[in-house]
Amino acid sequence: MTAAGVPDVQTFDTRAIQELDAAHFLHPFTDHAALRDKGARVIVRGQGVYLWDSEGRQLIDGMSGLWCVNVGYGRTSISQAVYRQMETLPFYNSFFNTTNVPAVHLAAELVALAPPQFSHVFLTGSGSEANDTIVRMVRRYWDILGQPERQVIISRQNAYHGSTMAGASLGGMAGMHAQGGLPIPGIRHIGQPHYAEQGQGMSENAFGLVAAAWLEEEILALGADKVAAFIGEPVQGAGGVIIPPATYWPEVQRICDKYGILLVADEVICGFGRLGTWFGSELMGMRPDLISFAKGVTSGYVPLGGVLVGKRVAHALVEQGGDFHHGFTYSGHPVACAAALENLRILRAERLVEKVALETGPHLKAAFNQLATHPLVGHAESCGMMAGLNLVRVKGATAHACVPFARALHVGMLCRGHMFDNGVIMRAVGDRMIVAPPLVMTRAEIDDMAARIWDCLDLTLADVKARGWM
Ligand SMILES: *Cc1c(COP(=O)(O)O)cnc(C)c1O
């Protein structure tokens, strides 16, 4: 680094990299013909909450990479922990009655951080593998208990639970289901608790109870003795930062308890401080039996995921179940576990979870309330270090009174382009613009991000007017 905090100059032949990229690299969730025409943005370096591309442009990372770089970029202590572990023992498996020291310490540490009902952890390489594990574990649990007909897992439309066969099936993304013959059997989807879209004419809390009642209707339609579990993200992430009404999760919990159904919290985004609590379930009034996690557990420095297993399921698996025929080569990978241990140490040492709850989360909320006064913005919401705002054609006094743009105009993508070109990474989900910044983002950096967002909203507004869309 130079004295000014700017990365050392390193030159890249951007065009050549883009051509090689287009020729050989298939990206996730990408229209490759479109990408080839534009050329991929080449990110070469990160420090704190900032990134630099191959042209030397600086960007503020409103998305923590992909909801994961919670402690920010350039953490030398994580790279050192990884290096030390690679030198000592880069890999050993945890099959065949063996274990390794970082995996054991991480399991103990995760259980200590988790709500009190948790006793064990199963480690995977990603969030998708964690949710695949959950499908198998939940069905195995009911097998062990002598109720093998309890097979169905209920999830929600527009949920995101990963991209493996089971992960994509649990998820409620219609575009994903349309490719590859999904969902797999035994997965059902109910509506999501999306007040702005579905709560017209109701108070938010009344709508929360209505949305939770969809679960009970589905359980009764299937027969409670067929239902294994309900899974949900405490706050939906990829679906567009959809924050449920306060009444929703406590009512879902009551319904799960009433029918003896397992509750699964997918905390791949919400876990490890994103909402100002170690786990989002704690904030939302959920008491899950299982938690899937990934992303923030290592801040994305090395891939790692897993399932926290509550005593109810752990008891059956450990005391009654015998061999569970499931696992991955990289379950408990020592290098990934070493990265996670150092990442968790940083979160604790810098009190980042408390900081989100008391300082930066409220500051982000104030910034988004301010952005909501922009003529292009209908409404804005936030929870901890996640926030979203809706681009609308006509502003209204409430979310329900706003008039959206026609979907086919893709105003969100237009806005995202202006953001990228002007130094801020924000994601578009339809016409909802979302952020989930690193938990280390300071108040001054939040102000910097919000100022850039405001300018890009101005550019988008001018663009939309010039096209005659407004
Ligand atoms: C990202 C994500 C996943 C999938 O994790 P991968 O590591 O990409 O497999 C699952 N659930 C949620 C809520 C996610 O955001």
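Counting starts at 1 for both ligands and their atoms, in listed order. These figures come from a predicted structure and were not determined experimentally.
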TODO: State which residue, out of Arg36, His32, His27, fulfils the side chain to side chain donor-acceptor pair (under 3.5 Å) condition with Asp21.
DONE: His27
Check: residues 411-421 side-chain donor-acceptor pairs under 3.5 Å, at least two apart:
unit_1, atom_1, unit_2, atom_2, d
His418, NE2, Asp463, OD2, 2.8

Open item on the list: Parallel, tilted or perpendicular: which one describes the rings of Phe91 and Tyr330, with boundaries at 30° and 60°?
Closed with: perpendicular
Task: Within the 6.0 Å centroid threshold, strictly below: His315 and His120 - done: no
TODO: Specify whether Tyr195 and Phe207 have parallel, tilted or perpendicular ring planes, treating 30° as the upper limit for parallel and 60° as the lower limit for perpendicular.
DONE: tilted
Open item on the list: Against Arg348, only a single residue in Glu350, Arg351, Arg345 fulfils side-chain contact (heavy atoms from CB on, under 4.5 Å); can you say which?
Closed with: Arg345
Task: Within the 4.0 Å heavy-atom sphere of ligand 1, strictly under, residues - done: Ser126, Gly127, Ser128, Asn131, Tyr160, His161, Gly162, Glu233, Asp266, Val268, Ile269, Lys295
